[in-house]
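All residue numbers in this chain count up from 1 along the given sequence.
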Amino acid sequence: IILTTMVSFWLISLVASIYLSRWSQKPVLAAYEKEKNFVENASHELRTPLAILQNRLELLFQKPTATIIDQSENISQSLAEVRNMRMLTSNLLNLAKRDGGLKVELTTVDQTYFEKIFENYKLLAENSEREFTSSVHLKDRVKLDESLIKQVLTILFDNAVKYTDVGSQIDIKVEKTGQNLVITTSDTGYGISNEDKKKIFDRFYRVDKARTRQKGGFGLGLSLAKQIIDACGGRIDVQDNQPQGTKFIIKLRA
Ligand code: ADP
């Protein structure tokens, strides 16, 4: 009996120690997995522009006597890929910096803060032949991080331009309901399926890789927007816009 009890005790403590050591390693493993995924995704994203650049440069060398004008297609495509890579690397650096902890600096603003930002969007929308309207209803001043919220608004506005056709409508509404500052952006563009809605805030997730790449997207904008809104203690949600397109709703305690 003594021997059986001792063996059972030993077995129980062995199982418990294995379980506990696994459990305590879980966050470390999860962080490692996340980092590994990030590096894999980033390398994957750089591989395509690098491969295109290599092809284009090899084509240049195949006709060493050709003039710059003859080779303009190869040169301009190479430049486009270099620009792509610069944008990607600066996005990646931004994200990496933010991973170290996002510092939120609150100031009080009134509705002119939003109106100034939207004036610029109006011009940008006109240039890309989209209709843009905005409405800001703030009786009181609100507390927010001016630079971070502007960054989120710009991500949502850029996407609304990218994922709509010429002639589409983009609206942004800002209002205070109770204790919350609610910002709603809506567009009449391509919309997002319910399946994709669950994933669009993940890093590097793009609904249509080919189309997004053509539009210069890496699937990082919305993950950055969510990271910022989370750090501000708010939430960001996506819905269908009626009758067509996409709507993003941000709620912040302000
Ligand atoms: P990207 O830089 O590729 O645009 P995001 O993280 O900002 O990356 O968006 C992720 C994906 O969500 C996009 O690739 C696009 O497919 C989809 N998406 C984002 N905003 C919209 C929108 N307003 N309408 C339709 N699809 C959108």
Side-chain angles (χ1 to χ4, degrees), residues 91 94-95 98-99 101-122 124-125 130 132-164 168-207 217 219-254:
N91 273 334
N94 249 335
L95 275 171
R98 302 221 180 280
D99 267 352
L102 228 157
K103 217 168 126 214
V104 178
E105 283 173 23
L106 297 180
T107 54
T108 41
V109 299
D110 59 16
Q111 57 180 55
T112 49
Y113 161 79
F114 289 102
E115 283 162 357
K116 273 194 194 143
I117 296 175
F118 299 155
E119 255 171 46
N120 287 330
Y121 293 174
K122 181 107 191 138
L124 290 171
R130 268 70 168 169
F132 176 76
T133 63
S134 61
S135 72
V136 189
H137 294 292
L138 290 180
K139 272 191 250 125
D140 309 315
R141 294 169 76 85
V142 288
K143 266 193 178 159
L144 48 77
D145 185 309
E146 294 179 46
S147 132
L148 291 179
I149 296 304
K150 186 173 171 195
Q151 208 175 333
V152 173
L153 288 169
T154 304
I155 290 168
L156 297 181
F157 174 78
D158 280 350
N159 279 349
V161 174
K162 271 197 290 189
Y163 304 111
T164 53
S168 296
Q169 177 76 37
I170 300 168
D171 301 304
I172 305 189
K173 203 166 73 185
V174 180
E175 59 196 339
K176 184 117 186 255
T177 57
Q179 290 296 308
N180 286 328
L181 174 70
V182 184
I183 305 171
T184 315
T185 68
S186 48
D187 64 63
T188 55
Y190 312 148
I192 302 175
S193 74
N194 286 337
E195 207 40 53
D196 287 319
K197 281 196 194 87
K198 294 178 202 150
K199 303 179 197 152
I200 49 166
F201 294 103
D202 295 346
R203 279 179 187 176
F204 295 105
Y205 188 78
R206 288 166 297 190
V207 175
L220 293 174
L222 287 178
S223 70
L224 187 56
K226 182 163 168 27
Q227 203 177 9
I228 291 174
I229 296 298
D230 284 348
C232 295
R235 57 175 298 156
I236 176 165
D237 293 295
V238 58
Q239 285 177 10
D240 289 331
N241 186 38
Q242 297 305 335
Q244 188 189 329
T246 310
K247 188 187 263 190
F248 287 92
I249 301 141
I250 296 170
K251 284 196 183 123
L252 290 165
R253 295 280 285 185

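- Taking both residues in full, the closest heavy atoms of Val136 and Glu115 are given as CG2-CG, 4.3 Å, listed atom of the first, atom of the second, then distance.
- Atom CZ of Arg141 and atom CD of Gln111 lie 11.5 Å apart (nearest 0.5 Å).
- Shown here for Cys232 and Val104, the closest heavy-atom pair between the two residues is SG-CG1, 4.1 Å.
- The shortest heavy-atom contact between Asp240 and Asn194 is OD2-OD1, 4.4 Å.
- In this structure, Gln227 CD and Arg203 CZ are separated by 5.5 Å, a value rounded to the nearest 0.5 Å.
- Counted within 6.0 Å of NZ on Lys199, heavy atoms from surrounding residues, nucleotides or ligands total more than 12; the atom is thus considered enclosed.
- Considering OG1 of Thr164 and CZ of Arg130, their distance stands at 4.0 Å, rounded to 0.5 Å.
- Relative ring orientation between Tyr121 and Phe132 is described as perpendicular, the plane-to-plane angle rising above 60° on a 0-90° scale split at 30° and 60°.
- The only member of Ile155, Val161, Thr154 that meets side-chain contact (heavy atoms from CB on, under 4.5 Å) when paired with Asp158 is Thr154.
- Here the CG atom belonging to Asp230 is positioned 11.0 Å from the OG atom belonging to Ser223, to the nearest 0.5 angstrom.
- Among all heavy-atom pairs drawn from Asp145 and Leu106, the shortest one is N-CD2, 3.8 Å.
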Chi angles and distances behind the side-chain contact (heavy atoms from CB on, under 4.5 Å) call for Leu222, Leu156
CA-CA 8 Å; Leu222 287 178; Leu156 297 181; 3.7 Å; yes

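- Phe157 pairs with exactly one of Asn120, Leu124, Thr185, Ile117 by the side-chain contact (heavy atoms from CB on, under 4.5 Å) rule, that one being Leu124.
- Considering CG of Leu181 and CD1 of Ile149, their distance stands at 8.0 Å, rounded to 0.5 Å.
- Pairing each heavy atom of Leu138 with each of Val142, the nearest pair is CD1-CG2, 4.1 Å.
- A donor-acceptor contact shorter than 3.5 Å is absent between the side chain of Asn180 and the backbone of Val182.
- Taking the charged nitrogens against the carboxylate oxygens, Asp171 and Lys173 have no contact shorter than 4.0 Å, which rules out a salt bridge.
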Distance-only check: which donor-acceptor pairs under 3.5 Å involve side-chain atoms of residues 241-254, not counting sequence neighbours?
from, atom 1, to, atom 2, distance (Å)
Asn241, ND2, Asp187, O, 2.9
Asn241, ND2, Gln244, O, 3.2
Gln244, NE2, Thr188, O, 3.0
Gln244, NE2, Gly189, O, 3.3

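- The shortest non-hydrogen separation linking Gln239 to Lys197 is C-CE, 3.9 Å.
- Using a 4.5 Å heavy-atom threshold, the side chains of Ile172 and Phe114 count as separate.
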Going through the checks in order, is the side-chain contact (heavy atoms from CB on, under 4.5 Å) test met by Val174 and Phe118?
CA-CA 11 Å; Val174 180; Phe118 299 155; 3.9 Å; yes

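- Between the CG atom of Leu220 and the CG atom of Asp202 there is a distance of 11.5 Å, given to the nearest 0.5 Å.
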